[in-house]
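The figures here come from the full heavy-atom set of this structure, side chains too, leaving out hydrogens, waters and symmetry mates.
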Amino acid sequence: MELITHTIQTNELKCRSNIQATLEDDMNVPDTKPDIEKLIKTQGEIQLADVTPSDGKVNVRGNLSFSLLYSSNDDIRPIHNIRGQIPFNESVNMDNITASDEILCHFELEDCQASLINSRKVSIRAILSLDCCLNEQKNSTIGTDIVSEDAARAGMDETVIPDGLNKKFSTISYTQLVLQKNDIFRISDETSLPKGKPAIDTLLYYEMAPQNLQTRIVDDGIRIIGDILLFALYTPEIEERRLEYIETEIPFDGIVNCNGCSESMIPDIEVSIASKEATAKPDEDGENRLLDIELILKLQMKFYEDNEMQILDDAYSTSCNLQLSKENINYEKLLMKNQSSVRISDHVKINNGENILQICSSSGTIQVDEQEITDEGIQIEGAVTLDILYITDNDDRPLSMAKGIIPFNHLIEVKGISPDDSYELQSDINQINIIMIDSDEVEAKINLSLCALVFTGKKQDAITGIAEVPLDMQKFNDMPGLAGFIAGPDDTLWDIAKEYNTTLESIMELNGLTSSQIHKGDRLLLMKIVDGI
């Protein structure tokens with residue numbers, strides 16, 4: 001007899017490590033720029049250039065790109081900007097990794113601030129969080145059936161069960177990572193200024209962020225739909241109007257090729273901004289009324305499949321002693337994918353001593369402070385930090401910024417979750433709406449997206465090998481040919497048949513049973529099977 005096996009792949013976390021790094025540098029104001037009187041806003045972005053594993057560590061190389069918006073008293077136009085970069089090369093210690101391993105690296109810019117040293121020099125300080133992990137794909141072999149040696153050699157399923165062989169099967173459900181890929185999605189477009197806006201002289205500052213993002217699997221690809229929220233601040237060519245801005249939404253719709261993915265798969269797609277660029281260019285009349293934009297999104301994609309498989313749970317033979325080798329295997333089952341929409345709102349008081357004339361733009365970051373698995377699901381506590389850029393009633397300082405912090409508390413409902421389960425959480429800001437209440441107060445309404453992919457761990461005693469050993473004839477002969485048996489609370493017909501060298505069908509026929517279910521105290525007549533010996 002031969003054991004038929006099937007191999008399943010399980011994805012296990014082999015190693016994980018995270019660090020916080022402080023990025024610091026001083027920057028001199030270029031000679032072409034006027035003195036800084038007041039810093040208005042600091043914008044920072046991380047671009048990873050390279051993630052290189054070696055024995056026992058990972059080197060992460062990249063740049064912090066920053067943009068400073070400031071006001072000055074030394075120029076006819078009061079608002080200016082400067083840009084710069086701080087390169088970094090950080091080492092993350094990770095035991096048991098090698099140079100050939102594929103490391104996943106997640107990053108988060110937790111803080112980026114600029115402080116004024118003097119009117120010609122600023123200090124930049126940022127905190128970078130790096131989370132590196134190595135997932136190991138492990139192959140587990142599980143016995144699914146027993147066939148004769150002739151059937152095994154011919155590569156066919158058994159049609160006639162070998163003499164004396166009794167088999168019991170069960171079904172397991174598992175979720176398997178079938179495809180993993182990193183890619184980019186490039187969005188290139190242009191937009192024109194509204195008719196009432198003057199042409200652009202200098203583009204001072206811009207923000208680009210995807211919102212209302214949706215991803216959908218199509219055959220051999222991922223369709224990405226959403227809007228780019230673009231805000232651009234500029235000085236116009238008309239000198240009497242010293243500051244202008246536009247805010248608009250640009251829709252996008254495209255497909256990223258991903259060979260092997262299908263609509264039956266369960267996607268886990270993490271989207272982050274890799275780079276963004278906006279430049280002013282002339283229209284057909286030669287006026288700088290067009291904005292050329294490019295936004296590159298980084299996609300980290302995983303695709304899972306739910307599978308069901310019949311496995312060999314137990315076996316024995318009435319013609320020989322069938323010895324089974326067993327191994328405990330671990331696998332995962334997707335418990336739930338929950339996409340939650342969270343709406344939060346609060347009032348933000350502006351205490352800068354300047355009245356608000358008009359809101360220009362707003363941006364925010366999510367900070368998740370607490371995560372806890374409860375009986376009902378995953379309890380999330382955190383806050384959204386808001387940056388609100390606005391026009392003031394001060395002609396010398398026409399632009400200012402206020403910060404606000406809005407806490408939130410949300411339960412992601414997951415039925416059947418337990419503290420031992422694992423999950424992956426993604427959080428994004430879908431939309432921010434700022435409404436003026438009066439000259440020193442605004443109301444912020446924010447739409448958040450929280451997505452949790454929850455896996456529950458499973459264990460299974462799998463049959464991995466069999467061996468045929470001749471029956472112990474002395475023990476077999478000492479076993480009574482006919483015996484009475486009183487069932488205990490945990491007895492099953494299968495276990496009784498295996499112990500007394502008979503079959504489940506024989507016991508049912510001999511005792512007139514129509515079901516294999518028995519109960520404590522049931523009296524059974526057992527007859528030893530001698531066929532095949």
Side-chain angles (χ1 to χ4, degrees), residues 9-19 48 51 58 92 94 101-108 110 129-138 173-183 210 213-217 222 224 256 258 261 265-273 297-307 330-342 365-374 376-382 408 410-430 448-458:
Q9 280 189 337
T10 56
N11 196 48
E12 296 181 358
L13 182 65
K14 182 179 178 182
C15 182
R16 186 169 197 162
S17 184
N18 54 71
I19 65 167
L48 289 189
V51 178
V58 178
V92 183
M94 296 183 71
D101 289 327
E102 185 176 348
I103 306 298
L104 293 177
C105 184
H106 298 266
F107 64 87
E108 184 176 349
E110 296 189 359
S129 175
L130 295 173
D131 183 18
C132 298
C133 65
L134 172 62
N135 291 318
E136 182 181 43
Q137 285 194 333
K138 187 177 180 181
S173 299
Y174 63 96
T175 303
Q176 184 171 331
L177 178 66
V178 292
L179 184 60
Q180 186 169 342
K181 183 182 179 182
N182 293 337
D183 210 331
L213 198 63
Q214 300 177 49
T215 57
R216 187 180 309 149
I217 297 181
I222 300 296
I224 303 178
V256 176
C258 186
C261 74
M265 294 179 181
I266 304 160
D268 178 21
I269 302 173
E270 183 177 341
V271 182
S272 58
I273 296 175
L297 301 178
K298 180 181 177 182
L299 309 178
Q300 291 184 309
M301 301 177 286
K302 296 178 184 177
F303 300 90
Y304 297 90
E305 273 187 340
D306 279 336
N307 294 293
N330 299 319
Y331 61 95
E332 286 188 325
K333 179 75 175 71
L334 179 64
L335 189 62
M336 180 178 287
K337 182 178 181 180
N338 186 312
Q339 182 89 35
S340 301
S341 181
V342 184
T365 56
I366 301 175
Q367 180 69 43
V368 176
D369 299 319
E370 298 289 340
Q371 305 177 44
E372 182 184 5
I373 293 179
T374 68
E376 292 80 23
I378 306 170
Q379 187 69 46
I380 306 293
E381 292 184 14
F408 66 89
H410 181 72
L411 175 69
I412 301 175
E413 295 183 359
V414 183
K415 291 183 178 179
I417 195 171
S418 72
D420 295 328
D421 292 339
S422 62
Y423 64 89
E424 298 176 12
L425 178 68
Q426 292 183 25
S427 57
D428 296 292
I429 297 177
N430 275 343
L448 307 180
S449 173
L450 298 176
C451 181
L453 208 64
V454 185
F455 295 89
T456 184
K458 300 283 188 179

If I compare all heavy atoms of [X] with all of [Y], which pair ends up nearest, and what's the gap?
X	Y	answer
Asp369	Gly382	OD2-CA, 3.7 Å
Ser422	Glu332	OG-OE2, 3.5 Å
Val92	Ser17	CG1-OG, 3.6 Å
Ile217	Met265	CD1-O, 3.7 Å

Would you say [X] and [Y] make side-chain contact, with heavy atoms under 4.5 Å?
X	Y	value
Gln426	Asp268	yes
Glu270	Glu424	no
Asn18	Leu130	no
Cys451	Lys337	yes
Leu177	Gln9	no
Asp428	Leu448	no
Leu104	Gln180	yes
Thr215	Pro267	no

Sub-3.5 Å donor-acceptor pair from the side chain of Lys181 to the main-chain atoms of Leu299, do we have one?
no
Got a donor-acceptor contact below 3.5 angstrom from the Thr10 side chain to the Lys138 backbone?
yes
Rounded to the nearest 0.5 Å, what separation is found between the [atom1] atom of [X] and the [atom2] atom of [Y]?
X	Y	atom1	atom2	answer
Lys458	Ser173	NZ	OG	8.0 Å
Leu450	Asn430	CG	CG	9.5 Å
Asp306	Thr175	CG	OG1	4.0 Å
Glu372	Ile378	CD	CD1	11.0 Å
Ser129	Glu108	OG	CD	6.0 Å
Arg16	Asn135	CZ	CG	8.5 Å

More than 12 heavy atoms of other residues, nucleotides or ligands under 6.0 Å from CD of Glu102: is that the case?
no
Report the C-alpha distance between Leu134 and Glu136 in whole Å, list the side-chain angles of each, state the deciding distance to 0.1 Å, and finish with yes or no for side-chain contact (heavy atoms from CB on, under 4.5 Å).
CA-CA 6 Å; Leu134 172 62; Glu136 182 181 43; 5.6 Å; no
Sequence neighbours left out, cut at 3.5 Å: what donor-acceptor pairs do the side chains of residues 410-420 make with other protein atoms?
residue	atom	partner	partner atom	Å
Ser418	OG	Asp421	OD1	3.3
Ser418	OG	Asp421	OD2	3.4

Mind telling me whether Tyr331 and Tyr174 have parallel, tilted or perpendicular rings, with 30° and 60° as the class edges?
perpendicular
Go through the steps for Ile224 and Ile269 under the test side-chain contact (heavy atoms from CB on, under 4.5 Å), then give the verdict.
CA-CA 11 Å; Ile224 303 178; Ile269 302 173; over 6 Å; no
Let's go through Leu48 and Cys105 carefully: what are the C-alpha distance in whole Å and the side-chain angles of both, what is the deciding distance for side-chain contact (heavy atoms from CB on, under 4.5 Å) to 0.1 Å, and is it a yes or a no?
CA-CA 9 Å; Leu48 289 189; Cys105 184; 4.2 Å; yes
Determine, stepwise, if the pair Leu179 / Cys258 fulfils side-chain contact (heavy atoms from CB on, under 4.5 Å).
CA-CA 9 Å; Leu179 184 60; Cys258 186; 3.7 Å; yes
